[in-house]
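Shown next, in structure tokens, is the structure this report addresses.
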Amino acid sequence: MTMPQAPLAATEPQPGRALRLTFTGRGGEYFRIWIVNLALTILTLGIYSAWAKVRRLQYFYRHTSLAGSSFEYHANPIAILKGRLIAVALLVGYNFTGYLELPLGLALLGVLLLVLPWMIQRSLAFQLHNSSWRGLRFRFAGTLRGAYLAWMPALVIGMAFAGTGLVFAWLGRQGPDVAMDTIDNFGPRTVGATILLLIALLVLALPFAHRQIKNYQHASSRLGAAAFRFRAGVRSFYWVYAKGFGLLFWIVVLAIAPLIIPIQEVDSLDPEIRRAAIEQMLSLVMPIVFYAGPVFIVLPYFAARLRNLVWNGTSIEDHTFVSSLRAFGLGWLYLTNFVLMLLTVGLFKPFADIRLARYRLTHTELLARGSLDDFVAIQEREVGAAGTEVAGAFDFDISF
Amino acid sequence: MRRAPRWQARLTSTYRSEAVTFAADYFDGHTTRAHRVTLSIDAGDLVMVGKGIARRESLSALRVSEPMGVAPRLITFRDGTHCQVAADALPPVFAKTLVVRMQESWRAAAASVVVAALAVVAAYVWGLPAFAAWIANRVPASIQAEIGDGTLQFLDARVFSPSALPATRQDELREAFRGMARSGNDRPQPYRVLFRDGGRIGANALALPDGTILMTDQLVGLAKTDEEILAVLAHELGHLERRHSLRMLIQGSIVAFAIGWYFGDLGGLVAAMPALMLQLRYSRGLEREADEFAATMMRANGVAPSRLADMLAKLDAAARRDRQEGAPDYLATHPATEERIRSLREM
């Protein structure tokens with residue numbers, strides 16, 4: 001007879017206690033799952049990818065626990081496979097028409113953008129309905145109308161940017177003459193001012209659009225009968241974005257500043273040499289300004305601060321979340337992950353995923369006020385029936 | 001209609017009906033309250049005993065989650081309720097599926113690395129170019145003309161000056177090339193030949209996607225015979241015929257997309273650098289293809305393909321004289337010219 005092991009610790013929290021999310025995933029373990037997933041996906045020409053996704057999410061879910069109990073992922077791989085086949089068909093169709101007839105391709109892109117909120121709502125519902133904690137399924141109560149309202153600002157911004165880009169590209173192709181004529185017609189100052197105004201308007205609308213999306217996502221989520229609430233206001237989003245763009249501005253300035261002085265000196269030299277010198281300096285600056293700076297400093301800043309903002313403003317019943325990601329911690333992770341992935345020709349990716357997940361999860365806490373035992377399921381004929389009716393996920397990986 | 005999940009609680013073949021007992025947390029699916037229970041396996045059944053709980057289910061009506069590191073194991077009943085068992089608390093009496101055994105074996109992992117690496121290399125070297133060529137060949141010539149960007153206008157404004165070659169000389173060359181292109185050309189593509197003073201670019205020729213072939217006066221000056229000039233024109237026409245710019249566009253965007261997706265967590269910007277380096281490798285293969293096209297066309301017209309090799313040698317020598325220091329070789333877009341010269345002499 002085998003000896004009984006210690007019982008699983010399903011702890012009861014004291015009132016007002018901070019419960020850290022724990023993550024027990026390990027890189028070496030996950031690497032084997034990941035690489036076998038990859039090989040089987042290749043050998044089955046992608047069919048296995050649905051099972052691979054389920055395994056991957058189960059690994060991360062089951063190694064994440066709150067108050068001693070882990071999460072669980074229930075999705076049926078067949079449903080995911082159906083969704084993926086539809087997505088592939090759409091992608092192929094779009095690419096074909098895009099090359100053969102430009103207007104048709106653009107129209108199809110427009111249609112795809114219009115159904116995007118619907119696809120996102122379905123994805124969120126699928127993801128949440130197939131997730132559970134302590135036997136209770138999560139739910140997504142967001143309506144289709146809510147999805148469109150929440151995503152419309154972001155879509156408008158996206159289409160405006162794309163539209164402006166297309167106009168510039170078209171102008172560029174017409175040749176410098178047409179561009180000059182256009183500018184002459186409206187006056188260079190007007191054109192410049194319009195462009196600046198457009199950019200400023202779009203940038204100013206970004207924080208608002210982001211907040212709408214997160215509000216929809218979090219405020220529509222449920223655990224059983226309990227609803228999540230979202231309290232972060234629009235002003236806090238603007239504040240984070242302002243600081244982020246300020247950081248970007250200073251990086252650009254600091255990268256270019258050391259070059260201002262040498263350029264003054266170079267002014268007196270022969271024009272050919274001056275041009276070559278400037279090109280040399282630019283080739284040093286460009287990678288820093290447009291690549292390393294934004295990716296390893298500004299991006300993690302936005303990621304960490306926005307994620308903190310979103311989760312600090314999320315609560316369920318009397319319990320609130322506390323997110324304490326640090327911008328530099330995250331940036332360091334991004335940098336080391338990137339370097340190691342390059343050095344290992346990409347094989348480091350599963351380790352990188354684990355590191356990121358561990359960082360995010362261990363910097364998230366639930367401030368529990370009261371017992372966590374009292375969440376109840378909604379009235380259902382059969383426990384666990386809810387999620388599987390939402391078949392055919394367009395499985396966008398909506399990461400938390 | 002919900003499809004019933006496959007129930008997987010199979011005992012290992014080495015299980016010999018010894019009694020096993022272990023602790024678990026039971027969740028009834030109505031609240032998040034955990035109920036401490038003791039589970040035991042007895043004669044093909046699972047017995048669950050706890051405070052106010054007594055339940056007996058046949059193992060064939062249960063599902064046991066696969067082992068996954070230190071994650072808790074889940075034993076799920078048909079009604080959706082389940083027990084969570086600590087990974088080290090569950091006795092190893094349940095059989096493992098093939099995939100699980102693969103995931104736990106380092107040998108299977110090594111084999112998987114090999115499979116993945118071979119697949120990626122095969123896709124990059126062979127699959128992607130074939131795919132891009134297939135798509136590019138299906139694009140009508142009218143669409144390819146659309147892809148013509150403002151390159152000509154840009155070059156005319158910034159780099160080139162009007163050609164110093166007399167118009168008669170230009171027309172002479174155009175006529176000669178038109179005659180050559182009539183034979184030895186499988187699928188005639190609309191094109192036009194323009195001459196320019198190359199400015200600081202010097203001796204060069206390029207083919208623009210919309211069918212324009214540009215040649216600089218300096219290149220004409222370098223050539224000793226007309227055959228050498230026609231050889232270069234044939235090479236440029238090869239780029240057009242084979243839709244190289246379109247293929248590069250397709251391949252480049254797929255590579256950039258794949259890398260951006262793979263490095264996903266770190267942002268699409270990260271994709272730019274590695275993607276660029278991979279794209280450069282493609283241009284060498286395309287140059288070779290253009291060389292082969294030119295060689296075929298020249299042979300069909302009774303011109304020795306080595307003329308192109310002679311011209312390349314002259315161009316290389318001229319470029320060496322003007323080359324600026326600083327550009328690392330492996331980033332150069334000009335493929336190993338010596339290799340090309342050698343192949344052309346052998347053709």
Side-chain angles (χ1 to χ4, degrees), chain A residues 1-2 4-8 10 24-26 29 31-33 35-36 38-39 42-43 58-59 62-63 69-70 72 76 99-100 102 133-136 172-176 276 280 291 294-295 299 334 337-338 341-342 346-347 349 352-353 356 372-377 382-385 388-389, chain B residues 2-3 18-25 27-34 36 38 68-72 74 79-82 84-86 88-89 91 99 102-104 106 108-109 111-113 115-116 119 135 139-140 143 146 149-150 153 157 262-263 265-267 269-270 272-274 324 326:
Chain A
M1 177 168 152
T2 51
Q5 304 290 330
L8 242 197
T24 51
R26 287 205 290 260
E29 241 167 46
F31 174 78
R32 277 173 288 165
I33 295 179
I35 192 67
V36 169
L38 185 59
I42 290 173
L43 291 173
Q58 278 176 346
Y59 185 88
R62 288 180 191 162
H63 282 95
S69 308
S70 69
E72 168 66 345
N76 182 2
Y99 280 123
L100 295 178
L102 216 55
W133 181 72
R134 285 195 178 177
L136 237 55
R173 272 171 49 172
Q174 302 308 102
Q280 284 275 36
Y291 186 75
V295 171
L299 208 66
Y334 281 7
N337 280 348
F338 178 63
M341 273 176 80
L342 276 186
L347 284 176
K349 182 163 205 299
D353 290 343
L356 266 175
L372 291 181
D373 287 353
D374 301 328
F375 291 101
V376 290
E382 192 183 314
V383 172
T388 50
E389 268 80 42
Chain B
R2 184 160 80 93
R3 186 205 308 240
E18 60 262 27
V20 292
T21 309
F22 48 96
D25 278 327
F27 298 98
D28 59 11
H30 294 300
T31 72
T32 48
R33 182 176 301 273
R36 300 266 163 79
T38 307
M68 235 182 222
V70 301
L74 302 160
D79 59 2
T81 61
H82 76 281
Q84 275 191 14
V85 187
D88 52 3
V99 176
M102 282 170 71
Q103 284 166 186
E104 291 183 344
W106 278 106
S112 302
V113 172
V115 167
I135 288 192
V139 174
I143 298 291
E146 289 291 323
D149 36 23
Q153 290 93 328
Y262 192 72
F263 280 70
D265 269 348
L266 307 172
L269 296 168
V270 176
M273 192 174 85
Q324 283 181 330

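Computed from a predicted model, the values in this text were never measured in an experiment. Numbered from 1 within each chain, the chains take letters A, B, ... in sequence-line order.
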Closest non-hydrogen atom pair between B/Glu104 and A/Arg32, with its separation: O-NH1, 3.0 Å

Shortest non-hydrogen contact from A/Ser69 to B/Phe27? OG-CZ, 3.9 Å

Closest non-hydrogen atoms of A/His63 and B/Val70, given as atom of the first, atom of the second and distance, are NE2-N, 3.5 Å

If we define contacts as heavy-atom pairs under 4.5 Å, which of A/Thr24, A/Ile33, A/Asp374, A/Leu347 has the most with chain B? A/Ile33

Say whether, by atom type as modelled, one donor and one acceptor occur between the side chain of B/Thr32 and the main chain of A/Arg134 under 3.5 angstrom. no

Which distance, rounded to the nearest 0.5 Å, do you find between the CD1 of A/Ile42 and the OG of B/Ser112? 9.0 Å

Search all heavy atoms of A/Leu38 against all heavy atoms of B/Ala116 and return the closest pair with its distance. CD2-CB, 3.6 Å

For B/His30 and A/Leu136, what are the C-alpha separation, side-chain angles and deciding distance, and is it a side chain to side chain contact (heavy atoms under 4.5 Å, CB included)? CA-CA 7 Å; B/His30 294 300; A/Leu136 237 55; 5.9 Å; no

Of the listed A/Gln58, A/Glu29, A/Glu72, the one with the largest count of heavy-atom pairs under 4.5 Å with chain B is A/Glu29

